[in-house]
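One is the number of the first residue; the rest follow in order along the sequence. No experiment lies behind these values; they were computed from the predicted model shown. In what follows, every heavy atom counts, from backbone to side chain, and hydrogens, waters and symmetry copies are set aside.
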Amino acid sequence: MATSPNSPTLRSWIDIRPESDFPIQNLPFGVFETDERGPHLGVAIGGYVFDLYAASQFGFFEDLEELGDTQPKVFRRRSLNAFLRLGRPAWRAVRQRVSELLRHDEPRLRDNELAVRDCLLRQTDVRMLRPVKPANYTDFYSSIEHATNVGTMFRDPANALLPNWRHLPIGYHGRTSSIVVSGTSIHRPNGQRKAPDEAAPTFGPSRQLDFELEMAFVVGTGTALGSTVSIDAAEDHIFGLCLFNDWSARDLQSWEYVPLGPFLAKNFGSSIAPWVVTLDALEPFRLAGPTQEPTPLPYLAQTGAHNFDVHLEIALTPAEGPETTISRTNFGLMYWSMAQQLTHHASNGCNLEAGDLYASGTISGPTPDSLGSMLELAWRGTRPLPLADGSERKFLLDGDTVIMRGYAEKEGVRIGFGEVRGTVLPAI
């Protein structure tokens, strides 16, 4: 019987630092290119990218029936979408084979000098691309702490949550063309803004640019229009998770969001991390989510552990200044699980497509240092946030870089998500 890719006893023949996000138990998928090759699908291992297309050229996957006749071309794409459409058996077979090839006691790749040179590239020598090409993107609003904070600031503190919030996962459809890979700078957006003390709106650069710490899950298995997904089958449609920053212009948002919700305040840019950690790799880190009251309707009622213990942090670096960690929280706090989000999304017959992105909404915790947006950390600008260089922030300034990181850790195994970062440029 093959050793599980999640086994804590696995070791790789590649030298991997103990603090690395990418041990042999992780093996997240992404897409990269260099001047000489690519775009190719790859897997992260330590400080390297394992080139799946190059590996297929050496015949390392030729006996995997789950891939059919798709290789090697399925590994030479600008996104994971075609690979995702092959289904879970193919995802698992490739991850299992890569795990075997990288094990310390497996010589097939280790002792083939030419294959090692062609299949392993340093991450510093490649350009990471957006991992999927999403046809559809949905942003949820599933942190009860975040929703309560926003409701307290903008509505009635005594009734911070709207009546429907505890009954269904709230979400809205966003724009996919402006979702960019980590490292891509974001221009401050222009739009209409109107402060409470102003008689009329004006047009210009946002004065309240913000970030939102989120996780996004990637749909792997699609559905037909008109079909639904049961709560018990929901996770079968999820390939994996990645870090996500939903940039937000709060002044634009507060003026435009009634009656239809976010528009220009959100669609100018969202940043996605390059590595997608498979749901399989996160199995050891399951935990039960918060108690849901009232009990959800039967189609959303779930049993077992459907949240994941992922530690998250946000850092902010001013232009030419030091980095300051400004928040630490956990993905396991989410009130609505990914399974409930997906089930509700498809409950009316909406079809799912491979590569679709579903963002969690801002992930905030119960303490002042565990909040997932500047809106909350500086409490709508009334409590400026101190940084390591002595400056303060109410909202983001031009030149600021926001970095989000995440990892799960148990039994000496650290499953990391890398990072998603972006720098604020002046408005055009």
Looking just at side-chain N and O atoms, do D232 and S230 make a donor-acceptor pair shorter than 3.5 Å? no
So, T329 versus S370: side-chain donor-acceptor pair below 3.5 Å or not? no
May I ask you to say whether E256 pairs ionically with K266, meaning some side-chain N is under 4.0 Å from a carboxylate O? no
Any side-chain heavy atom of L243 within less than 4.5 Å of one from L312? yes
Between W91 and L84 (side chain of the first, backbone of the second, donor and acceptor by atom type, cut-off under 3.5 Å), is there such a pair? yes
Has the side chain of T343 got a donor or acceptor atom that lies under 3.5 Å from a matching backbone atom of A339? yes
Kindly compute the distance separating SG (C350) from CG (N136), expressed to the nearest 0.5 Å. 7.0 Å
Do I326 and F211 come close enough that some side-chain heavy atom pair is under 4.5 Å? yes
For F308 and L279, work out which heavy atoms get closest and say how close. CZ-CD1, 3.8 Å
Does S206 have any side-chain hydrogen bond (donor to acceptor under 3.5 Å, both in side chains) partners at least two apart in sequence or in another chain, and if so, which? D251
Do I16 and R11 have side chains that get closer than 4.5 Å, going by heavy atoms? no
Do S20 and R414 meet the criterion of a side-chain donor-acceptor pair at a distance under 3.5 Å? no
Heavy-atom count around K133 NZ within 6.0 Å, excluding the residue itself: above 12? no
Verify the neighbour count for atom CZ of R37: are there more than 12 heavy atoms of other residues, nucleotides or ligands below 6.0 Å? yes
Looking at A160, is its backbone amide N or carbonyl O close enough to the side chain of R155 to form a donor-acceptor pair, meaning the two atoms are under 3.5 Å apart? yes
Near Y172 OH, under 6.0 Å, is it more than 12 heavy atoms from other residues, nucleotides or ligands? yes
I'd like to know if D309 and K410 make a salt bridge, using a cut-off of under 4.0 Å between side-chain N and carboxylate O. no
Tell me if a side-chain donor or acceptor on R193 pairs with a main-chain N or O of P205 at a distance below 3.5 Å. yes
Please evaluate residues F217 and Y358 with respect to the criterion ring-ring contact (aromatic ring centres under 6.0 Å, His included), reporting the C-alpha separation (whole Å), side-chain torsions for both, the decisive distance (0.1 Å), and the verdict. CA-CA 5 Å; F217 70 83; Y358 293 69; 4.9 Å; yes
Do V218 and L357 have side chains that get closer than 4.5 Å, going by heavy atoms? yes
Separation between CG of L396 and CG of L209, rounded to the nearest 0.5 Å: 5.0 Å
Taking atom CZ of R127 as the centre, report whether more than 12 heavy atoms of other residues, nucleotides or ligands fall under 6.0 Å from it. yes
Side chain proximity check, W255 to E198, heavy atoms < 4.5 angstrom: no
Mind telling me whether F29 and F239 have parallel, tilted or perpendicular rings, with 30° and 60° as the class edges? perpendicular
Applying side-chain hydrogen bond (donor to acceptor under 3.5 Å, both in side chains), run through S4 and N6 and close with a yes or a no. CA-CA 5 Å; S4 167; N6 291 351; 4.6 Å; no
Hey, what's the ring geometry for W165 with Y335, parallel, tilted or perpendicular (30° and 60° as the breaks)? tilted
Are S56 and Q71 close enough that a side-chain donor and a side-chain acceptor fall under 3.5 Å? no
Ignoring hydrogens and geometry beyond distance, is a side-chain donor-acceptor pair present between Q302 and S337 at under 3.5 Å? yes
What class does the angle between the rings of Y53 and H40 fall in, given that below 30° is parallel, 30 to 60° is tilted and above 60° is perpendicular? tilted
Which heavy-atom pair separates S143 from M334 by the least distance, and what is that distance? N-CE, 3.6 Å
Here the gap from L377 atom CG to L316 atom CG, rounded to the nearest 0.5 Å, amounts to 10.0 Å
Check whether any side-chain heavy atom of I415 sits under 4.5 Å from a side-chain heavy atom of N26, and report yes or no. yes
State plainly whether the residues R88 and E66 are in salt-bridge range, i.e. N to O under 4.0 Å. no
Does the side chain to side chain contact (heavy atoms under 4.5 Å, CB included) test come out yes or no for E376 and E145, once each step is laid out? CA-CA 10 Å; E376 297 166 273; E145 289 84 5; 5.7 Å; no
Can you tell me if H237 and T223 form a side-chain donor-acceptor pair at under 3.5 Å? no
Hey, what do you get for CD1 (I314) to CD1 (I403), rounding to the nearest 0.5 Å? 10.5 Å
Would you check if S360 and F244 make a side-chain contact, meaning some heavy-atom pair closer than 4.5 Å? no
May I ask you to check whether S79 and N81 show a side-chain donor-acceptor distance below 3.5 Å? yes
Is there a donor-acceptor contact under 3.5 Å from the side chain of H311 to the main chain of A408? no
Ring centroid separation for F331 and F417, is it under 6.0 angstrom? no
Step-by-step side chain to side chain contact (heavy atoms under 4.5 Å, CB included) determination, S182 to M128: CA-CA 8 Å; S182 173; M128 298 304 299; over 6 Å; no
Considering non-hydrogen atoms only, spot the tightest contact between I24 and S99 and give its length. CD1-O, 3.6 Å
Answer with yes or no whether the side chains of T124 and R122 bring together a donor and an acceptor at under 3.5 Å. no
Tell me whether R380 forms a cation-pi arrangement with F154, defined as NZ or CZ under 6.0 Å from the six-membered ring centre and within 45 degrees of its axis. yes
SB check E100 R97 (cutoff 4.0 Å): yes
Do the rings of H173 and H345 sit parallel, tilted or perpendicular, given the 30° and 60° boundaries? perpendicular
Salt bridge (charged side-chain N to carboxylate O under 4.0 Å, His left out) between E323 and R405, intermediate numbers included: CA-CA 13 Å; E323 178 179 306; R405 303 182 177 99; 3.1 Å; yes
side-chain hydrogen bond (donor to acceptor under 3.5 Å, both in side chains) assessment of T362 paired with S364: CA-CA 6 Å; T362 305; S364 290; over 6 Å; no
Got a donor-acceptor contact below 3.5 angstrom from the Q123 side chain to the Y48 backbone? yes
Considering non-hydrogen atoms only, spot the tightest contact between D398 and L425 and give its length. OD1-O, 3.8 Å
Pair R130, V31 - check side chain to side chain contact (heavy atoms under 4.5 Å, CB included), show working. CA-CA 7 Å; R130 193 170 64 165; V31 184; over 6 Å; no
Would a 4.5 Å heavy-atom cut-off, applied to side chains only, mark R207 and F395 as touching? no
